[in-house]
There are 2 protein chains.
Amino acid sequence: MTPSGMTAVPSDGMGPIENVPLRVQVADRIRTAILSGRLKPGEPLVETALAEQMTVSRAPIREAIQILENDGLVETIAYKGKRVKPLTAREVEEIYSLREAYEVMAVRRIIERGADASPLRGPCEDMNRAAAADDLEALTAADEAFHRTLIQIADHDLLLASWRSLYLRIHQIMALRMRRRPELPQIAANHPPIVDALVARDMDRAVKLISDHTRNLEEIDPQTIADT
Amino acid sequence: MTPSGMTAVPSDGMGPIENVPLRVQVADRIRTAILSGRLKPGEPLVETALAEQMTVSRAPIREAIQILENDGLVETIAYKGKRVKPLTAREVEEIYSLREAYEVMAVRRIIERGADASPLRGPCEDMNRAAAADDLEALTAADEAFHRTLIQIADHDLLLASWRSLYLRIHQIMALRMRRRPELPQIAANHPPIVDALVARDMDRAVKLISDHTRNLEEIDPQTIADT
DNA sequence: AATCTGCATGTTGTCGACAATCCATAAGGT
DNA sequence: ACCTTATGGATTGTCGACAACATGCAGATT
């Protein structure tokens with residue numbers, strides 16, 4: 001799979017072509033726009049406009065949009081148009097509750113199979129550093145690394161893929177909400193106990209910790225949410 | 001939305017056409033072929049051949065295949081070809097373990113939110129009837145109806161969509177394994193206690209029952225599975 | 001004034017042709 | 001004999017043009 005988050009556009013002298021299909025490049029660009037909040041929920045996506053804008057044909061655009069549809073970021077209404085999928089409060093709740101189920105499953109699986117949870121220590125340290133430096137962006141990145149690592153340790157490709165797809169939308173939500181700055185040190189302090197419970201193979205405690213951690217962690221700004 | 005499951009081809013005088021896009025029709029046809037086992041894992045899917053076979057252009061074929069890719073039934077290797085995704089033993093395990101997580105989540109949510117679990121009684125009765133008549137097909141259908149109803153009662157659209165996508169592959173697995181006939185009465189007898197625990201709001205018992213029920217329920221014929 | 005009808009416009013849906021890429025195979029050199 | 005290098009075939013990737021469809025507006029009709 002592609003190493004997520006990297007949009008490699010070589011800037012060195014000879015710019016040979018990237019072997020990645022156009023539809024993927026297009027999908028990455030549009031996805032970035034959505035995830036950064038530049039394209040807001042409900043915004044229409046017109047194929048011809050995008051095609052002209054990116055100087056490609058409509059075919060890759062269509063296929064790219066279909067990719068984003070599978071990611072749950074775009075929805076299509078036949079013969080009417082495509083648009084960035086509106087985010088309802090209900091959907092936000094569903095996304096976070098499903099994430100909780102995924103992470104609980106990962107925790108259970110890690111303990112049941114006796115996997116080594118110590119790789120989680122790295123992201124924990126990163127979070128501490130970020131919290132000390134009051135660097136919200138770095139802390140967010142380390143937090144995601146922590147959770148992604150958790151899923152990876154569970155050694156379950158399907159779970160990892162599902163989690164990834166879900167986390168895309170969490171990115172979108174996080175970009176849309178511009179709330180008060182969270183307490184960085186507190187977030188950083190939340191994670192090490194989870195690791196401790198995992199290495200101690202304390203199932204009940206680990207499940208409870210991850211469950212509490214993922215639940216209600218993020219609250220969404222009601223203004224950016226559709227009503228229905 | 002269109003009323004699901006109906007392929008309305010009106011035979012009366014004035015026939016208003018079906019408005020379903022070609023790509024969807026194509027996707028349905030290919031999906032049926034895969035799910036029925038007529039197209040086996042690893043089998044190549046050549047766009048031009050399918051296009052000629054179905055007398056449509058390649059564009060709808062490509063988009064249909066992409067839909068199936070999102071369903072996890074097909075995989076693409078760039079500039080090389082597309083094929084029915086091979087089923088590894090590992091994937092089968094992952095599919096069923098993820099299904100367990102989904103259904104456990106549904107059970108927890110149903111009890112937490114005090115939802116009415118009595119609609120599950122209908123499929124239970126259907127299963128009893130099917131078991132009494134020794135009708136495997138009817139029992140399989142009722143079993144799926146039970147689990148789908150369980151997810152629907154949880155009132156979680158995203159969970160339902162994820163479960164559906166997963167269940168597609170379970171269909172495929174079930175079509176591929178031609179094992180000994182299972183004990184129909186026993187399967188039918190497994191479900192009512194789950195309903196009882198749900199209406200009694202007995203969380204621990206309900207979770208344990210659904211967990212045991214989904215786990216190890218299906219064993220796959222090794223011969224139909226890829227080695228990796 | 002209200003309603004229906006027909007048309008114009010914008011968007012997606014579909015098509016056929018061409019280009020880019022990969023793989024296997026065979027030719028050529030050492 | 002072995003390795004390297006063309007070359008041909010097969011498949012997907014991309015393109016531009018045309019068709020189908022839905023919607024909104026203007027005009028006619030009652």
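Letters go in sequence order (proteins before strands), and every chain restarts at 1.
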Parallel, tilted or perpendicular: rings of A/His191 and A/His213 (30°, 60°): perpendicular

Interatomic distance where CD belongs to A/Gln66 and P belongs to C/dT12 [whole Å]: 14 Å

N or O in side chain of B/Lys80 less than 4.0 angstrom from D/dG13 OP1/OP2: no

Gap between atoms CD and C1', on B/Glu63 and D/dT12 respectively (whole Å): 15 Å

A/Glu47 CD to D/dC18 P, straight-line distance once rounded to whole Å: 18 Å

Side-chain heavy-atom pair B/Lys82, B/Arg62 within 4.5 angstrom cut-off: yes

B/Ile65 CD1 to D/dT11 C1', straight-line distance once rounded to whole Å: 11 Å

B/Glu75 CD - D/dT11 P separation (whole Å): 17 Å

Sugar-phosphate, base or nothing in reach of A/Leu45, heavy atoms under 4.0 Å: sugar-phosphate

Upstream residue (5' side of DNA chain D) when A/Ala78 and A/Ala59 are each assigned their closest nucleotide: A/Ala59

With a 3.5 Å cut-off and sequence neighbours excluded, list the donor-acceptor pairs that the side chains of residues 120-127 of chain B form with protein atoms.
residue, atom, partner, partner atom, Å
B/Arg121, NH2, B/Asp196, OD1, 2.6
B/Asp126, OD1, B/Arg129, NH2, 2.7

Integer-rounded Å distance: C/dT11 P and A/Arg62 CZ: 14 Å

Nearest-Å distance for atom pair CG/C1', residues A/Leu50 and C/dT12: 13 Å

Proximity to the side chain of A/Leu22 - top-ranked nucleotide from C/dT12, D/dT11, D/dC15: D/dC15

Closest nucleotide among D/dC15, C/dT12, C/dC15 to the A/Pro60 side chain: D/dC15

Listed nucleotide nearest any side-chain atom of B/Val46, set D/dT11, C/dT21, C/dT12: D/dT11

A/Arg23 side-chain N/O to D/dG13 phosphate OP1/OP2 under 4.0 Å: yes

B/Leu50 side chain reached by B/Ile65 side chain, heavy atoms, under 4.5 Å: yes

Side-chain N or O of B/Arg58 closer than 4.0 Å to phosphate OP1/OP2 of C/dC15: no

Heavy-atom side-chain proximity of B/Pro41 to B/Leu176 below 4.5 angstrom: yes

Closest listed nucleotide, where the reference is the side chain of B/Thr48 and the choices are C/dC15, D/dG16, D/dT12: D/dT12

Length of the line joining B/Tyr79:OH and C/dC18:C1', which is rounded to integer Å: 13 Å

